[in-house]
Amino acid sequence: MWRGRKLNSGNRFLGVLRSRCWGTQAEGARLTSSAENQFSWTPQSKPWVFSDYRIMWFKSYKMTFACLNRMRIYRYPWPRLYGTSQSTVDSSEIKTFLALAHRWWDEQGVYAALHSMNDLRVPFIRDNLLKTVAQHQPGKPLSGIKILDVGCGGGLLTEPLGRLGASVIGIDPVAENIKIAQHHKSFDPVLDKRIEYRACSLEEIVEETAETFDAVVASEVVEHVIDLETFIQCCCQVLKPGGSLFITTINKTQLSYALGIAFSEQIAGIVPKGTHTWEKFVSPEKLESILESNGLSVQTVAGMVYNPFSGYWHWSEITSLNYAAHAVKSTEQEHPVPEFVFKGEREELRHKDSTNPGVQEELKK
Amino acid sequence: MAARLAVSRWRAAPAAAGKGPLLSCRRWSGAKADTVYDVVVSGGGLVGAAMACALGFGAWDHICNMRYRTFRRMQVWDACSEALIMFDKDNLDDMGYIVENDVIMCALTKQLEAVSDRVTVLYRSKALSYTWPYPFTMADSSPWVHITLGDGSTLQTKLLIGADGHNSGVRQAAGIQNVSWSYDQSAVVATLHLSEATENNVAWQRFLPSGPIALLPLSDTLSSLVWSTSHDHAAELVSMDEEKFVDTINSAFWSDANHTDFIDSASTMLQYAVGFLKPTKVSARQMPPSVAGVDAKSRVLFPLGLGHAAEYVRPRLALIGDAAHRVHPLAGQGVNMGFGDVSSLVHHLSAAAFNGKDLGSMSHLAGYETDRQRHNTAFLAATDLLKRLYSTSATPLVLLRTWGLQATNAVPPLKEQIMAFASK
């Protein structure tokens, strides 16, 4: 049911090559890609914009082809400030991210894989939420549902959810992302009303939004979280009883190290070293136990696989790379958090964090 | 929806069309004064209106209440030989329907009125220019397509669908390359009165060296004529007086003037061979009904050509119908291909909408393009080939096509495949 559609990418290549062969006449907008992946161009007359869009597409395809899993790495290179007040933000990661902030909405650019992942995650969220709703309007299946998108970035997942009728609040600690997201949704009057963006971290809004959301979405976030335990707790606190938590993330396995880090970062040199930290990847078993211990009962865990050649994601039995999880908050009282399993790890991280106190202010700018 | 239509390609010449070019805009829920339309369809002919309806749902019921004709058999034969091919379905099911252009338009218009809460139709409006969005979100530039109308107003939309015919303004504005050539032929269309009322459920087509002539049933006493011929002859046909016109039509169907003995004996030879190898029921060759009169003002002509757009889609743009592909009427498939486009695009758009996607996104538009280009290219090539093959009376080619037609006629599975493909 959640299979991604398979398109013949070869056909698109053909379409693009064809358009180059027909020869767009005379001038055209010039596109150059510099070493830092900054595209600069001078727009000229209208039709040429499109032919060069196709050429750009072709170039992006070259990039995609050469950079297996590069997209995945570039997804969210900034860490999250969840946890206690002594969270750490790595300023070099912030810089990498900021350089790419304007690329969020380029469907064929560095975030192409994230755009493509919507084909899986939107139906995943939509169908699981529809199960909890008795009837729904045909045009807006999620109308009346309040969703919190944690780590929304440029709003890639927030907007489709808004289009399906949900009222969505998207939060992200990086103000630049929120700015881009705001700007993008401002053109669509319907989305403008349904979506609200805030530049903040989850724990900052926990107090005011306790038990107000029907669903919380944390897609491609938990692998950057410093303190997963607290993050999950906060998610649970803002959820209504019976509400759903949706998480997509990367597994911590040898395979994910090999493909996600060793290949992409060290061998192909596509991703700056140190963007992703394998230690922060979370296995589904660990995630499940944290969820269960916080009163969230896990309903589904499904593997996702990205095909860099076609650019499409597919559902899979294999959870050793990416996976999606759906958990539901129990309708009874929350269980107390058992601290025995992960205490050691948490203490270690807290210790590291405590050396950087002033970063919160830096980020608030 | 209207999926099984074998519609005769007769169409009022653009100049004579009573309905002006129209723009259909479709809005989804709760639109206010700030009008960003989800979809704008530029061009309100058969295909454009069908698209607008499809985005608002179903028009076949209206057609059923008006005039249409089912046909059960189709006979196609050559003027230069005795070869013929007969399509029919053994179980006497209807092969298809002939529906007049005006009837379809009327039905679609009724349906558009029924869905007027979701679809706004702007009659007699002309799109003057289009502004395309930049691929990236640049500061302050609108990501939507802007259409400037003749009255000075502007529409913004997430997806522009170009359904404005083979001289598509949308396609030209987007700079999409179009492969095209003209056929040096014009088609003459008319509504004919038959000399006597008959069951009239057979579609007839005869390939003359100058071009195919087809008679398509409309009712017990009426049939529609589509005659593709040279420009001069077409002009002559339209201007000649009614009696002479009727005579010309009858002799075109009945005369054996183009037969040669050689071809006749060659085709008889093959017929014996086929009969020997495969003694089946031989559909007796029938002759079409003779024509007695023609409706006074119904004679019109329009030029023919082939056209195919290099790309059907661009970001926030999709071409459907003749804007994307233009074909010879010899197979009666032109508007059917357009309806096929509508069906495919609606399917892709609904799937995308259900996933909350931006309607103008290339990901699903590319899927539509792949689907339709695959289907349409094959069809265009086949039709063009047939047209060229039947445009000559040179003996080798006549022999080839005679034998080809006879052979195809003798192979029922092949005929079934052809019928299935044409009725998709």
Side-chain angles (χ1 to χ4, degrees), chain A residues 5 7-9 11-12 15 18-19 21-25 29 39 41 43 45-54 56-57 102-109 115-116 118-119 122-123 126 137 139-143 154 157 159-166 180 183-184 187-190 311-312, chain B residues 27-36 38 118 129-144 156 158 171-179 310-317 348 350-364 366-367 369-371 373-374:
Chain A
R5 257 173 294 115
L7 258 198
N8 191 346
S9 65
N11 250 359
R12 267 188 272 170
R18 221 179 343 156
S19 74
C21 292
W22 289 124
T24 53
Q25 305 124 37
F39 275 50
W41 67 319
S45 50
K46 288 165 279 194
W48 318 136
V49 169
F50 277 93
S51 27
D52 283 290
Y53 186 91
R54 286 239 161 167
M56 238 166 61
W57 214 13
H102 67 287
R103 302 305 309 282
W104 275 111
W105 285 100
D106 178 7
E107 282 184 33
Q108 323 301 335
H115 278 277
S116 172
N118 278 347
D119 284 345
V122 174
R126 174 197 77 211
Q137 301 180 30
K140 294 179 284 186
L142 296 183
S143 75
L157 181 52
E159 287 202 7
L161 293 175
R163 278 193 204 102
L164 289 179
I180 302 277
H183 180 254
H184 193 264
F187 294 107
D188 186 338
V190 169
Y312 284 92
Chain B
R27 276 182 303 187
W28 281 23
S29 47
K32 300 263 178 70
D34 191 358
T35 50
V36 178
D38 287 311
R118 291 194 292 274
S129 69
Y130 303 94
T131 312
W132 309 106
Y134 291 113
F136 285 78
T137 322
M138 311 249 291
D140 294 338
S141 75
S142 168
W144 314 129
Q156 301 178 72
K158 297 176 188 169
R171 188 187 64 220
Q172 283 162 14
I176 294 179
Q177 297 279 356
N178 191 40
V179 175
E311 306 160 67
Y312 285 11
V313 298
R314 283 266 174 88
R316 302 207 183 283
L317 167 68
H348 281 97
S350 351
F354 194 48
N355 283 352
K357 278 204 226 177
D358 181 355
L359 285 181
S361 158
M362 278 300 283
S363 52
H364 54 273
E369 184 186 56
T370 311
D371 273 350
Q373 276 192 337
R374 270 188 202 149

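Just so it is clear, the values below take in all heavy atoms, side chains as well, and ignore hydrogens, waters and symmetry mates. Throughout, a chain's letter reflects where its sequence line sits, starting with A, and its residues are numbered from 1.
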**Message:** Please identify, among A/Leu164, A/Ile180, A/Asn118, the residue contributing the most non-hydrogen atom pairs under 4.5 Å to chain B.
**Reply:** A/Leu164

**Asked** Would you say A/Val122 and B/Phe354 make side-chain contact, with heavy atoms under 4.5 Å?
**Response** no

**Minimum side-chain heavy-atom gap A/Pro189-B/Val36 below 4.5 Å** =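 Yes - at least one pair of side-chain heavy atoms lies under 4.5 Å apart.
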
**Prompt:** Mind checking what makes side-chain hydrogen bond (donor to acceptor under 3.5 Å, both in side chains) contact with A/Ser116, not counting sequence neighbours?
**Reply:**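 A/Ser116 satisfies side-chain hydrogen bond (donor to acceptor under 3.5 Å, both in side chains) with no other residue.
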
**Message:** Test of understanding: with side-chain hydrogen bond (donor to acceptor under 3.5 Å, both in side chains), list the residues that count as partners of A/Arg163, not counting sequence neighbours.
**Reply:**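 A/Arg163 satisfies side-chain hydrogen bond (donor to acceptor under 3.5 Å, both in side chains) with A/Glu159 once adjacent residues are dropped.
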
**Message:** Before you tell me yes or no, could you show the steps for A/Phe187 and B/Gln156 under side chain to side chain contact (heavy atoms under 4.5 Å, CB included), namely the whole-Å CA-CA distance, both residues' side-chain angles and the distance that decides it to 0.1 Å?
**Reply:** CA-CA 11 Å; A/Phe187 294 107; B/Gln156 301 178 72; over 6 Å; no

**Message:** To the closest 0.5 Å, what do you measure between CG (B/Asp358) and NE2 (A/His115)?
**Reply:**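 These two atoms lie 10.0 Å from each other.
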
**Prompt:** Could you give the distance from CG (A/Asp119) to CG (B/Asn355), rounded to the nearest 0.5 Å?
**Reply:**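 The distance works out to 6.0 Å.
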
